Amino acid sequence: MLRMSTLFLRTLRDDPADAEVPSHRLLVRAGYIRRIAAGIYSWLPLGVITLRNIENVVRQEMDAAGFQEVHFPAMLPREPYEQTNRWTEYGPDLFRLQDRKGTDYLLGPTHEEMFTLMVKGEYSSYKDLPLSLYQIQTKYRDEARPRSGIIRGREFVMKDSYSFDLTDEGLVESYQRHRAAYVKTFDRLGMKYNIVSAVAGAMGGSSSEEFLAPCPTGEDTYVLCPQCGYAANVEAMTTKVSAADASSVGALEVFDSPNTPTIDSLVELLNTKFGGGYTGASTLKNVMLMADTTAISVLVPGDREVDLKRLQANMAGVNEIRVFEEADFAKFPGLVKGYIGPQDAKKNGITVYADPRIAPGTSWVTGANAKDKHALNVVNGRDFEVDHYIEAAQIREGDSCPSCDTAVVIDRAIEIGHIFQLGRKYADALNLTVLDQNGKSQVVTMGSYGIGVSRAVAAIAEQTHDEIGLSWPVEVAPAKVHLVVAGKDDSLFDAAEKLASDLESRSVSVMLDDRRGTSPGVKFKDAELIGIPIIVVVGKALEQGNVEVRVRKSGEKSEIAVALAVDEIVKTLATLK
RNA sequence: CGGGGCGUAGCGUAGUGGCUAGCGCGCCUGCUUUGGGAGCAGGAGAUCGGGAGUUCGAAUCUCCCCGCCCCGACCA
């Protein structure tokens, strides 16, 4: 039982000045967390209990799925990360340190290497597979910009699992088992979430999905189809455009277009010169970029920007994409800034990437590779060639769903889970092999699965709070019942003590506000701020032998005879999520 | 890393060169009060982020440094 008379807790009446998003503001005000440094937080008793509750739900569901818990240190030696090249690849996001002898260590940002090596150390037969291991552990990433309280911290608690299989089919099965376990976990945590397709990215995996908790303060943008349920991270959204028939399009025509540095000014000129009907979407934008050391041009419709994040996510093996600078243009004298078209790309030694919207046979207005000149009727496949099609254009609300053509909606969310099929990258690098039935050595294939446990505290707070405070789902709350003594009479305190122990004997955890001399108003405000799902008031109604039961989320109140209160509360709890 | 903002008691803040750095919340003592952040009286609590400088005099002006927040870049 938590007693407020002695609980290490101080609620704040004012919002902390450094907190902006609701979860951060309320978790600090209600005394769950305190900031220590940018992106680094301490957990006070209420916070620790809440975090543990989430951990336990996660742990129970992992165990129920047959995955086994292990634990690694947070501080790790350099060598394994050297072998997978991540000591270098991870870059400045990796916290590094040295011991007294000058030997390098790191604080683990994720533990693929350690899990791979652990399995390698114990297992060497196909008979031992499949295997899934997990841990709940503190991770460290020196984020360029920690933000939004515990939504993106530099130290955070994560559950990470890894599956080990002999075959690709086995990997798919392990992946599905993790997916199912995640569904159960997030359901129990009372979260709203969408499972969206994600880009596997540099990790080299094939299939990847994210569990996104929708909320306005989320940092991830995703599309959702209201018709068929298609959901994808913006980066993974695909565009379905069919080829056009260009046989009736006239020959390419170059025309004078002075002073048309922008798409708008070009469209205006087109409409004056060639009659109405031209829009930004009629024009073809040529964006020059450096993909590592290669100069590329990316084609998108003139009314859309290139989404560098999407482009990068879809460009395997490229570390850095940046826009052309003056020095780059200087190296390609054939490119006339502001008047670039794909027609001469080959001649200029430029690799052409095009968004799928630039379908074969489509006809465009674009630069003519000469100052103050544009070209009309520039047809893909006839007047220029595309080397690679790639999802590059910015996605908009109303774009059509790739599976059913309905207009999609765009929403924001917090990423709370990510599952993906890693494949053999780490097993290869660290030489994790087992003998198969024929006695032949086979490289193991892996999956990797994460849940942001401390982030889930924030995500749940974001999704469930209201204007007066937090409002936890039953499984997560630091206690199930917040018992408030409203009044000064000893009989009230005695009745509350009795009710509290009766509840606890029925496994209903209680936080008892047994503070003497604290006014009822203060106790009510605190209860609402702290967000325990049921608030029971032992006060003036006791004269009639009643207590008042309030449901935090709905605000419903009812008076119940003390004798019936425990049963009634147990019943009410069962109806709440 | 680029842009913007900020740093005064545990929290929220006032104070643009001049007296002992002010107020609210919280905290301590006493009395009163107890169903919606109580009242009165008394009290404790500050290296004004740090350093250097300008000045008779600096929280306030100048320079350097540190830290924090927001937007963007970045982020399996």
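Just the heavy atoms: all of them, side chains too, but no hydrogens, waters or symmetry mates, feed the values below. This structure is a prediction, so every number in the text was calculated from the model and none was measured. Lettering follows sequence order; numbering is per chain, from 1.
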| What residues, two or more places apart in sequence or in another chain, satisfy side-chain contact (heavy atoms from CB on, under 4.5 Å) together with Pro73(A)? | Leu76(A)

| Where along residues 12-32 of chain A does a heavy atom fall under 4.0 Å from RNA chain B? | Arg13(A), Asp14(A), Asp15(A), Pro16(A), Ala17(A), Asp18(A), Glu20(A), Arg29(A)

| C1' atoms of G45(B) and U29(B), separation to the nearest Å | 15 Å

| Would one find a side-chain N or O of Ser519(A) under 4.0 angstrom from OP1 or OP2 of A38(B)? | yes

| query | Within the distance-only criterion (no hydrogens, no angle test), does the side chain of Arg424(A) pair as donor or acceptor with the backbone N or O of Val443(A) below 3.5 angstrom? | reply | yes

| message | Using whole Å, what does the distance between atom P of nucleotide C75(B) and atom CD of Glu415(A) come to? | response | 13 Å

| remark: Only one of Ser161(A), Ser174(A), Ser163(A) passes side chain to side chain donor-acceptor pair (under 3.5 Å) with Tyr449(A), and that residue is Ser163(A)

| said: Atom CD of residue position Glu143(A) - does it have more than 12 heavy atoms of other residues, nucleotides or ligands inside 6.0 Å? | reply: yes

| task | Measure from the side-chain heavy atoms of Arg86(A) and tell me the nearest of A38(B), G35(B), A76(B). | result | A76(B)

| query | Between G18(B) and A59(B), how far is it from one P atom to the other, in whole Å? | reply | 10 Å

| message | Once you apply a heavy-atom cut-off of 4.0 Å, does Glu219(A) come out as touching a base, just sugar-phosphate, or nothing? | response | nothing

| Among the nucleotides G37(B), C27(B), A76(B), which one has an atom lying closest to any side-chain atom of Lys525(A)? | G37(B)

| request: With C1' as the reference atom in both, quote the distance from C70(B) to C65(B) in angstrom, rounded to an integer. | output: 23 Å

| message | Tell me if the aromatic rings of Tyr134(A) and Tyr162(A) count as close, with their centers under 6.0 Å from one another. | response | no

| U62(B) to C74(B) separation - P atoms, rounded to the nearest Å | 36 Å

| query | Contact class for Lys523(A) vs. all strands (heavy atom < 4.0 Å): base, sugar-phosphate, or nothing? | reply | nothing

| said: Could you work out, with salt bridge (Lys or Arg N to Asp or Glu O under 4.0 Å) as the rule, every residue matching Glu69(A), not counting sequence neighbours? | reply: Arg59(A)

| Spacing of the C1' atoms in G15(B) and C23(B) (rounded, Å) | 11 Å

| said: So if I take every side-chain heavy atom of Ala144(A) and compare against A73(B), A76(B), G36(B), which nucleotide ends up nearest? | reply: A73(B)

| field | ring-ring contact (aromatic ring centres under 6.0 Å, His included) partners of Phe67(A), counting only residues at least two apart | value | His178(A)

| said: Can you check the distance between A46(B) and G7(B), where both ends of the measurement are the C1' atom (answer in whole Å)? | reply: 14 Å

| said: For Tyr175(A), give me all partners under ring-ring contact (aromatic ring centres under 6.0 Å, His included), at least two apart in sequence or on another chain. | reply: none

All N/O contacts under 3.5 Å from nucleotides 2-6 of chain B to the protein, with atom names and distances to one decimal?
none

| field | Euclidean distance for C1', G26(B) against G12(B) (whole angstrom) | value | 11 Å

| query | Who passes side-chain contact (heavy atoms from CB on, under 4.5 Å) against Ala413(A), sequence neighbours left out? | reply | Leu212(A), Tyr222(A)

| task | Write out the stems for RNA chain B, ordered by first number and formatted as range with range, counting runs of at least 3 consecutive Watson-Crick or G-U wobble pairs under 3.5 Å. | result | B:1-7 with B:66-72, B:10-13 with B:22-25, B:27-32 with B:38-43, B:49-53 with B:61-65

| query | Which residues satisfy the ring-ring contact (aromatic ring centres under 6.0 Å, His included) test with Tyr90(A), sequence neighbours excluded? | reply | none

| query | Nearest nucleotide by nearest heavy atom, which residue falls closer to the 5' end of RNA chain B, Thr11(A) or Arg152(A)? | reply | Thr11(A)

| query | Tell me: CG of Leu311(A) to P of C74(B), nearest whole Å? | reply | 11 Å

| request: Can you tell me which residue pairs pass the side chain to side chain donor-acceptor pair (under 3.5 Å) test with a partner in residues 38-47 of chain A, sequence neighbours excluded? | output: His24(A)-Tyr41(A)

| query | In whole angstrom, what separates Leu9(A)'s CG from C11(B)'s P? | reply | 16 Å

| field | Any donor-acceptor N/O pair, Thr167(A) side chain to Gly170(A) backbone, under 3.5 Å | value | yes

| Whether Lys139(A) side chain and Glu155(A) backbone form a donor-acceptor pair below 3.5 Å | no

| task | Determine whether any donor atom in the side chain of Glu528(A) lies under 3.5 Å from an acceptor atom in the base of G36(B), or the reverse, and answer yes or no. | result | yes

| query | For Phe329(A), what residues pass the ring-ring contact (aromatic ring centres under 6.0 Å, His included) criterion, not counting sequence neighbours? | reply | Phe324(A)

| message | Check the orientation of Tyr182(A) and Phe186(A). Use parallel for under 30°, tilted for 30 to 60°, and perpendicular for over 60°. | response | perpendicular

Output a table of nitrogen or oxygen pairs between the protein and nucleotides 28-33 of chain B separated by less than 3.5 Å.
none

| If we take the P atom in both U8(B) and U60(B), what is their distance in whole Å? | 14 Å

| field | Side chain Arg35(A) and base C68(B) donor-acceptor under 3.5 Å | value | no

| request: Select base, sugar-phosphate, or nothing to describe what Gly539(A) touches, counting heavy atoms under 4.0 Å on all strands. | output: base

| said: I want to verify a distance call: between G35(B), C68(B), C75(B), whose nearest atom is closest to the Ala37(A) side chain? | reply: C68(B)

